[in-house]
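So that the names make sense, note that chain A is the first sequence line, chain B the second, and so on, each numbered from 1.
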Amino acid sequence: MGNVESVVRFENVGLRYGAGPEVLHDITFALEPGSFHFLAGVSGAGKSSLLKLMYLGHRPTRGLISLFGRDIATMPHEEMPVLRRRIGVVFQDFRLVDHLSTLDNVALPLRVAGAPEEEVRDNVVEMVRWVGLADQLRARPHTLSGGQKQRAAIARAVINRPSLLLADEPTGNVDDKIAMRLLYLFEELNKLGTTIVIATHNEALIDRFNHPQLRLEGGVLTVPRPV
Amino acid sequence: MFRQRSDLPLEHDPSSRFLPWLIALMVYLAVLALASALTLGDAIGRWNQELTGALTVQIAPLTGADGGAAESRARRDKALALLRGTPGLVRVEPLDEERIAALLEPWLGPGNVGAGLPLPQIIDVEIAADADIDVAALSARLSTAVPGATVDDHGEWLHDLVTLARSIELAAAAAVLLIGLTAVITVVFVTRTGLAVHHQVIEMLHLIGARDSYVAKQFQFHALALGLRGGLLGLALAVITLVAIGLVGREVEAVLMPRLSLSAGQWIVIALVPVTAAAIAMITARVTVLRALAKMP
Ligand SMILES: Nc1ncnc2c1ncn2[C@@H]1O[C@H](COP(=O)(O)OP(=O)(O)O)[C@@H](O)[C@H]1O
Ligand SMILES: [Mg+2]
């Protein structure tokens, strides 16, 4: 797969939840550093499940997954946190912490990584401004609109300058105008070197950008032709 | 702008309200059990001292004989001479007749201990602290010299008492252990409930790269705080109870009832109970969380 080490590499990966049917079959693909992909497919196709495997939220039932050149199956438990910190995730349901302000929510990845508090303060305020939530610094999630929560979730996902950003339907709760702005935001990050995968069922949105697509249909992945 | 706060709102969990009370109750019971074990331990020590420190020699009155006082006194003097000639006995003192009569009076009724009643002779013997007296041999020598003389080292009676006290002491120690075990189980369940209630947030923290110890710290310090709060409350209630029992005990002043008075060292041991309870709560919470998180993908 070229001479550059892939950020993500799947080989014949299969996934089933418990004793249920297999929801992902023989997934094989690789993402090069600095790439930008859409993960397309109708609802129920398995997009969230594939992202979950990528952010180590679930172990595959079979096959090989390696992240940043390391096989995750053989990685010791205590090395996982450092690896996870290189991955930013925008969860479909945001997963903001109810009793924390926007600032404290966005600050979580830094605090979790043990960053000094002055550094946290400066970075977080800047990041919250960047996603346009400057006037919601101290608001709790339940007082934010869907789009505002989405932006808080994105701010939290990128605060650590991750090498890999995975976003699950990040435009699901916003109108087209804001959706476009969020995608421009992801493009900016991508220009800074972050590898990006955006899962969405919104074909119209995908068509407005010229990024390669990973397509999921019934748990089977179609990889774009190499350019 | 930033307040240092826990990521998990554990202080709003229902467990935060009832755990301190449970710990207070457990510390209260543990302190009472421990105090009784310590007090009994002291009493056993004292009784053991008495067991090895004193003898009573009894010389039965001669029946059928003329019961002359002179005869009786001669037998007593013979026994006294033998005892005083035995090395290791520091005090050999006969009880005078009024004293013996006074001792018998409660059983025989006032005025019934008359001149006509043959009374035994009693000699109080104190053994030197470092002496190693063979009571059986002494008893044999004495009864040969003075037929009807017996040596009572209070052994059987005190032995029974010490055995009883030891079993109570053991039961108290077992109670303290069981209370500790109950505390561990309680904290395990409270922590598991907390893990279930906050599963979403914990999973998110885990996914964004929190180490297991980061999550465990929030639970363990929460448990430590609750444990200390409950423990101090339980200690306060227990101390009030102990002081009250001590006051009542002073009134009663029964001969056999061990006095509930604790030394400074023993008070320190008791003060360590809530600290230990809080430490148990903290360690239990930590281990519970780490074991649960180790199962996450
Ligand atoms: N946690 C889960 N347990 C069991 N089945 C699941 C779970 N998550 C998803 N699925 C199933 O896996 C399939 C793919 O779902 P998902 O990955 O959410 O697709 P998408 O994100 O494309 O809508 C669906 O059939 C869904 O019911
Ligand atoms: Mg989905």
S.K.: With a 6.0 Å cut-off (strictly less than), is the heavy-atom count around CZ of R85(A), excluding the residue itself, greater than 12?
M.R.: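 Above 12, so yes.
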S.K.: So, are R211(B) and E78(A) salt-bridged, with charged N and O less than 4.0 Å apart?
M.R.: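 No, no charged N to carboxylate O under 4.0 Å.
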S.K.: Consider only side-chain N and O atoms of D212(B) and H77(A), and report whether a donor and an acceptor are under 3.5 Å apart.
M.R.: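 Per modelled atom types, D212(B) and H77(A) side chains form a pair under 3.5 Å.
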S.K.: Checking R86(A) against chain B: side chain, backbone, both or neither under 4.5 Å from a heavy atom?
M.R.: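 When you check distances to chain B, no heavy atom of R86(A) falls under 4.5 Å.
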S.K.: Please check if atom CD in E126(A) has more than 12 non-hydrogen atoms from other residues, nucleotides or ligands closer than 6.0 Å.
M.R.: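 Counting neighbours around CD of E126(A), 12 or fewer heavy atoms of other residues, nucleotides or ligands fall under 6.0 Å, so no.
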S.K.: Identify which part of L108(A) has an atom lying under 4.5 Å from any heavy atom of chain B, answering side chain, backbone, both or neither.
M.R.: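 Both backbone and side chain.
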S.K.: Flag yes if more than 12 heavy atoms outside R62(A) fall under 6.0 Å of its CZ atom; otherwise flag no.
M.R.: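 Yes, enclosed.
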S.K.: Measuring from Q200(B):CD to L96(A):CG, what's the distance to the nearest 0.5 Å?
M.R.: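 One finds 11.5 Å between CD of Q200(B) and CG of L96(A).
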S.K.: With a 4.5 Å heavy-atom cut-off, do R95(A) and E203(B) have their side chains touching?
M.R.: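 Sidechains of E203(B) and R95(A): in contact.
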S.K.: Less than 4.5 Å apart, any side-chain heavy atom of H206(B) and any of M80(A)?
M.R.: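 Contact flag for H206(B)/M80(A) side chains = no.
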S.K.: Applying side-chain contact (heavy atoms from CB on, under 4.5 Å) between I208(B) and each of I87(A), V112(A), N160(A), report the one that passes.
M.R.: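 Testing each of I87(A), V112(A), N160(A) against I208(B), the sole residue satisfying side-chain contact (heavy atoms from CB on, under 4.5 Å) is V112(A).
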S.K.: Might you point out which heavy atoms bring P81(A) and G209(B) nearest each other, and give the distance in Å?
M.R.: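 Heavy atoms only, the tightest pair is CB-O, 3.5 Å.
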S.K.: Please round to the nearest 0.5 Å and tell me the distance separating atom CG of D93(A) and atom CE of M204(B).
M.R.: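 CE of M204(B) is found 10.5 Å from CG of D93(A).
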S.K.: Determine whether more than 12 heavy atoms belonging to other residues, nucleotides or ligands lie under 6.0 Å from atom NE2 of H25(A).
M.R.: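 It does: H25(A) NE2 has more than 12 such atoms within range.
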S.K.: Check this for me: Y17(A), atom OH, are more than 12 non-hydrogen atoms of other residues, nucleotides or ligands nearer than 6.0 Å?
M.R.: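 Buried by this count: over 12 neighbours within 6.0 Å.
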S.K.: Hey, are the side chains of P297(B) and R59(A) touching, using non-hydrogen atoms and a 4.5 Å cut-off?
M.R.: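 Yes, their side chains come closer than 4.5 Å.
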